[in-house]
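Let me begin by presenting the structure, written as C-alpha cells, before commenting on it.
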Amino acid sequence: RLVGALRPGLWTWATLVVLSTLVVARVAASWPDRAGMPRAAFTTYGDQAEDGFIYGISVADLKNTPRVKEMGFGWMKAHISWRGAEPQRGKYNWGELNKAIRMARENQLALLLRVDQAPAWAHPSNPDPSAPPDHDYLPDWRRFLRLTAARAAGRVHAYEIWNEPNLTIEWGGKAPDPAGYSALLEA
C-alpha cells in the first residue's frame, strides 16, 4: 500500500534515502577502531590532536609532503607567516619559505603558497594576532610580498593571499572587510 501511495518522484527520493543510509552504515561499520590504529597511521595538526585528523593525514604539515606525492597529487600548499618571516621590521627569517620550496622540489610538486599573518608591528590598532595590517602598513606588506616573490621566483607556482578573509576569526576578530581585503590584493 505504501508503494502505491507514493508518487513516482517521492518513490525515487525515498529509495535514494534508504540506499544512502545503508551505504553510510556499511562504510561506517567497516572503519577500523581508532584505539586499534597505530599512531603512525594518522597525523594531528595544531591543537586538533585528540579530536581532529583521526584518520588520514594533514597535507598542510610539510613533513607529510612525500605522502602527498604518493597519493598522486601534483600540487602542494604551504604557508608563510609574515609575522614569522619579518618579526621585526626589516629583519627576515626565510626558514618557512625555504623549507616549503625544498619540500616541493624534493617531491616534484608544484607549490601554492599562502601568505598571511601580519606581524604585531604592522597592526598596532588591533592586538589580535589574526589582524591584517593597518592601512598605513600596506607599503610594508607590498614590500614583503615583493621580497617573497623575488626569493621564490620560478619555485612558487601560485599564491593565496590571506587565509579565509571572509571569517571574523581570520580578520582580527572584526567583521570581514571586502575593501580591506581588496587593498591587500592590490598591494
Side-chain angles (χ1 to χ4, degrees), residues 43-49 51-53 56-69 71 73-187:
T43 300
T44 58
Y45 180 67
D47 43 345
Q48 298 173 339
D51 57 357
F53 294 106
I57 65 168
S58 166
V59 294
D61 188 338
L62 289 178
K63 75 178 180 228
N64 290 322
T65 304
R67 306 247 343 248
V68 171
K69 180 71 173 180
M71 289 186 286
F73 292 101
W75 282 76
M76 65 175 276
K77 180 178 175 180
H79 169 248
I80 181 174
S81 157
W82 181 20
R83 175 176 48 238
E86 190 181 5
Q88 296 176 351
R89 192 183 227 164
K91 299 196 186 236
Y92 301 96
N93 173 0
W94 297 108
E96 290 179 69
L97 178 61
N98 293 341
K99 183 176 181 183
I101 289 170
R102 186 182 77 248
M103 295 303 286
R105 185 188 67 241
E106 288 175 2
N107 292 281
Q108 300 172 332
L109 294 166
L111 177 58
L112 166 72
L113 186 67
R114 184 182 91 210
V115 186
D116 61 7
Q117 299 180 339
W121 58 261
H123 57 85
S125 70
N126 185 344
D128 190 303
S130 70
D134 290 349
H135 183 73
D136 291 345
Y137 293 87
L138 288 176
D140 294 287
W141 168 248
R142 180 176 27 255
R143 176 186 41 77
F144 176 71
L145 289 177
R146 287 181 178 167
L147 287 170
T148 301
R151 186 169 187 87
R155 300 176 292 172
V156 171
H157 301 87
Y159 289 89
E160 176 185 358
I161 303 301
W162 222 259
N163 185 53
E164 299 173 340
N166 59 318
L167 301 178
T168 301
I169 194 168
E170 296 288 349
W171 201 252
K174 299 190 185 261
D177 177 8
Y181 183 62
S182 292
L184 288 180
L185 295 176
E186 289 171 5

Between the side chain of Asn126 and the main-chain N/O of Gly172, is any donor-acceptor distance below 3.5 Å?
yes
Without swapping roles, check the side chain of Trp94 against the backbone of Thr148 for a donor-acceptor pair under 3.5 Å.
no
Between the side chains of His123 and Asp128, does any donor sit under 3.5 Å from an acceptor?
no
Any donor-acceptor N or O pair under 3.5 Å, side chains Ser125, Asp134
yes
Near Ile169 CD1, under 6.0 Å, is it more than 12 heavy atoms from other residues, nucleotides or ligands?
no
Side-chain heavy atoms of Tyr159 within contact of Leu112, under 4.5 Å
no
Distance, nearest 0.5 Å, that separates CG of Leu138 from CZ of Arg142
7.0 Å
Can you confirm whether or not the ring centre of Phe73 sits under 6.0 Å from the ring centre of Trp75?
no
Taking C-beta and beyond as the side chain, do Leu113 and His79 meet within less than 4.5 Å on heavy atoms?
no
Taking NZ, NE, NH1 and NH2 as the nitrogens, is one of them in Glu106 or Lys69 under 4.0 Å from a carboxylate oxygen of the other?
no
For Pro124 versus Ala122, what's the shortest heavy-atom pair and its separation?
CD-C, 3.5 Å
So, taking the atom named CD in Glu96 and the one named CD1 in Ile80, what distance separates them when rounded to the nearest 0.5 Å?
6.0 Å
Does Lys77 pair with Glu160 as a salt bridge, N-O distance under 4.0 Å?
yes
Min side-chain heavy-atom separation Leu145-Val115 under 4.5 Å
yes
Nearest 0.5 Å, what's the CG-CG distance between Asn93 and Asn98?
8.5 Å
Is Arg89 close to Phe144 at the side-chain level, that is, under 4.5 Å between some pair of heavy atoms?
no
Any chance the rings of Trp121 and Trp82 have centres within less than 6.0 Å?
yes
For Met103 and Leu62, which heavy atoms make the closest approach, and how far apart are they?
CE-O, 3.2 Å
Going by heavy atoms in the side chains, are Arg83 and Pro129 under 4.5 Å from each other?
yes
So, does Tyr181 use its side chain to make a donor-acceptor pair with the main chain of Ile161 at under 3.5 Å?
yes
Could you go step by step and tell me if Arg151 and Leu97 meet the side-chain contact (heavy atoms from CB on, under 4.5 Å) rule?
CA-CA 9 Å; Arg151 186 169 187 87; Leu97 178 61; 3.8 Å; yes
Quick check for you: to the nearest 0.5 Å, what is the distance between Glu186 atom CD and Leu184 atom CG?
9.5 Å
Taking C-beta and beyond as the side chain, do Glu86 and Arg143 meet within less than 4.5 Å on heavy atoms?
yes
So with a 6.0 Å cut-off around NE2 of His135, is the heavy-atom count from everything else above 12?
no
Side-chain heavy-atom pair Pro133, Asp140 within 4.5 angstrom cut-off:
no
Is Asp116 salt-bridged to Arg114, cutoff N-O under 4.0 Å?
yes
Between Asp136 and Pro139, what is the shortest heavy-atom contact and its length?
O-CD, 3.6 Å
Rounded to the nearest 0.5 Å, the NZ atom of Lys174 sits from the OG atom of Ser130 at a distance of 10.5 Å
Shortest non-hydrogen contact from Met76 to Ala100?
CE-O, 4.2 Å
For Pro176 against Trp171, the heavy-atom pair lying closest together
CA-CD1, 4.0 Å
Close side-chain approach of Arg155 and Leu111, heavy atoms under 4.5 Å
no
